[in-house]
K.L.:
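Starting off with a structure, shown below.
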Number of protein chains: 2
Amino acid sequence: MNASRTARERVRAELIREITDIARRHLATEGAAGLSLRAVAREMGMVSSAIYRYFPSRDDLLTALIINGYNAVGEAVEKADAACPREDFTRRWLAVCRAVRDWALAHPHEYALLYGSPVPGYRAPADTIGPASRDTIVYGRIIAEAHREGRLAPPPMCPEPPAVLSPDIEAVRTMMPGVPGDVVARAVIAWTSLFGMVSFELFGQFNNVIEHRAELFEHNMACLARLLGLSG
Amino acid sequence: MNASRTARERVRAELIREITDIARRHLATEGAAGLSLRAVAREMGMVSSAIYRYFPSRDDLLTALIINGYNAVGEAVEKADAACPREDFTRRWLAVCRAVRDWALAHPHEYALLYGSPVPGYRAPADTIGPASRDTIVYGRIIAEAHREGRLAPPPMCPEPPAVLSPDIEAVRTMMPGVPGDVVARAVIAWTSLFGMVSFELFGQFNNVIEHRAELFEHNMACLARLLGLSG
DNA sequence: TCACTGTCAAGAGCGGTGCTCTCGTTTATC
DNA sequence: GATAAACGAGAGCACCGCTCTTGACAGTGA
């Protein structure tokens, strides 16, 4: 009874997996706007209406792809960090930066889905919040561990963030306990700059301007490491 | 004969203006993907096919909106810079940053069209290159003038960019003549960080994380000013 | 004055989209 | 074995970008 129920549900889960796989492939070739439930159904040899048994709307399919994407980039970042010596914080920072860029270049449309323009009419449900912060936890951990080991030596430069920012600083600080507020603000700069560079490269802002993107990325991420005060 | 021809061309230009105006309004409510020539035609009391007399394809209409958008943000940045005392370089930098953010918040869909995910299947023609760099010229001028006045004191931090980046540095340096390569690289960081922050705010990455966006933006742009070495 | 030329709005039509509804069938449970 | 849920299939609605053809009209040169 339990086995038979699982039998039906297993084929259902398998179909859902197949749908998301095909959808992800379509996303890679057509982009988010070109993602078509009919096309996915066609490729599965299904009639278009049948697919609504598994995803009640196009947005629900998009949500699945978004959660999947956040997990993919999060996993890439985690692996890159894990492959580095624990005490080499600069190397760990550079590794996770590279992991983000490499993943983005390998999955440009998925990256655009996660970090590009919001899909019009689509409202991200709460399920996406958790996976969305999976990568940021890693950045925070690197900074926090460097701070704990006394290896965080940020050059004096930025003023203390104003008091009105305290709750936000506090919220970000939960990912890097103990780190001074000034450095937390720098972490936000580094975070936005990392994705700013990747987005500019992917979205065409570097066209006709920057040619050696990998090298510039590497150099700028190294500068950001100095800004954060990472050493060694 | 010339007058009559201009009469005809004048009504044509007026119609093109009306089309782009309506299209821009539709862009604001529906997003780039939802921009529909039929809907624009409907609102003009025109039949759908007639609009193809003025814009041969949806992409051509998009191109017009993109060029228009780049010019709008460029103009906003120019005006913000012009309103500052020439010798107050930090203030000028903060003013142009604010101008970008304010324009983006006021025209989120247009911003997404310019700096967000590329529209699938759309290839930006060469006409967009010029207007696209209108704002960057202003950033470059502020840094260049600060350098010329001896008011650029970048804190020692970033290493000299590697030799392989020389052509790119040189290309960016045309917008800020005389500025050292190290600072040119920092300018790229500041540039990407500025748009990275605006994009994160607009595209929802700050949701559930940062609440006081204006204040954080202000503080981080001030940090970037220090990174650039702007003083006074 | 008149025929010519180029521009235009209009309509029909093609193949595509997301989504809904109904219908008969299969499948699992009581 | 009856019942209820899940399912695939098909038709249909309103929309989309885009194309082709047709007839009306304005400006132009002979």
K.L.:
For B:Val184 and B:Met176, work out which heavy atoms get closest and say how close.
P.N.:
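Looking at all heavy atoms of both residues, the closest pair is CG2-SD, 4.2 Å.
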K.L.:
Tell me which nucleotide among D:dC16, D:dA9, C:dC8 gets nearest to the side chain of B:Tyr54.
P.N.:
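Closest nucleotide among those given: C:dC8.
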K.L.:
What are the atom names and distances for every N/O pair under 3.5 Å that joins the protein to nucleotides 21-27 of chain C?
P.N.:
from: C:dT27; atom 1: O2; to: A:Arg8; atom 2: NH2; distance (Å): 3.1

K.L.:
Please give, in whole Å, the distance from C:dC8 P to B:Met44 CE?
P.N.:
12 Å
K.L.:
Nearest to the side chain of B:Val47, which nucleotide is it out of C:dG18, D:dG17, C:dG11?
P.N.:
C:dG11
K.L.:
With a 3.5 Å cut-off and no angle check, do the side chains of B:Asp60 and B:Ser57 form a donor-acceptor pair?
P.N.:
yes
K.L.:
Contact class for A:Arg58 (heavy atom, under 4.0 Å): base, sugar-phosphate, or nothing?
P.N.:
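The residue A:Arg58 makes sugar-phosphate contact but no base contact.
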K.L.:
What pairs with B:His26 under ring pair (Phe, Tyr, Trp, His ring centres under 6.0 Å), at least two apart in sequence or on another chain?
P.N.:
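Counting only residues at least two positions away or on another chain, B:His26 forms no ring pair (Phe, Tyr, Trp, His ring centres under 6.0 Å).
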K.L.:
Under the criterion salt bridge (charged side-chain N to carboxylate O under 4.0 Å, His left out), I'd like the reasoning laid out for A:Glu14 against A:Arg10: C-alpha separation, chi angles, the key distance, then a yes or no.
P.N.:
CA-CA 6 Å; A:Glu14 182 55 37; A:Arg10 221 175 44 195; over 6 Å; no
K.L.:
Looking across every strand, which nucleic acid part, if any, lies under 4.0 Å from A:Leu35 by heavy atom: base, sugar-phosphate, or nothing?
P.N.:
sugar-phosphate
K.L.:
Rounded off to whole Å, could you give me the CD1-to-C1' distance for the A:Ile51 and D:dA6 pair?
P.N.:
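Atom CD1 in A:Ile51 sits about 16 Å away from atom C1' in D:dA6.
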K.L.:
Expressed in angstrom and rounded to an integer, what is the separation of A:Leu37 atom CG from C:dC19 atom C1'?
P.N.:
9 Å
K.L.:
Let me know the distance between CE of A:Met46 and C1' of D:dG10, rounded to the nearest Å.
P.N.:
15 Å
K.L.:
Tell me: OH of B:Tyr52 to C1' of D:dT21, nearest whole Å?
P.N.:
16 Å
K.L.:
Heavy-atom distance under 4.5 Å between the side chains of A:Phe195 and A:Tyr111, does that happen here?
P.N.:
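Yes, their side chains come closer than 4.5 Å.
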K.L.:
Can you tell me how far C1' of D:dG8 sits from CD1 of A:Ile19, to the nearest Å?
P.N.:
13 Å
K.L.:
Whole angstrom is fine here: how far is it from CZ in B:Phe55 over to P in C:dC8?
P.N.:
13 Å
K.L.:
Do the side chains of A:Arg12 and A:Glu9 get close enough for a salt bridge, i.e. N-O under 4.0 angstrom?
P.N.:
no
K.L.:
For C:dC8, does OP1 or OP2 lie under 4.0 Å from any side-chain N or O of B:Arg12?
P.N.:
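The answer is yes; a side-chain N or O of B:Arg12 sits under 4.0 Å from OP1 or OP2.
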K.L.:
May I ask you to decide if B:Val77's main-chain N or O and B:Asp135's side chain share a donor-acceptor pair within less than 3.5 Å?
P.N.:
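A pair under 3.5 Å: no.
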K.L.:
Rounded to the Å, how far apart are B:Glu14 CD and C:dC8 C1'?
P.N.:
17 Å
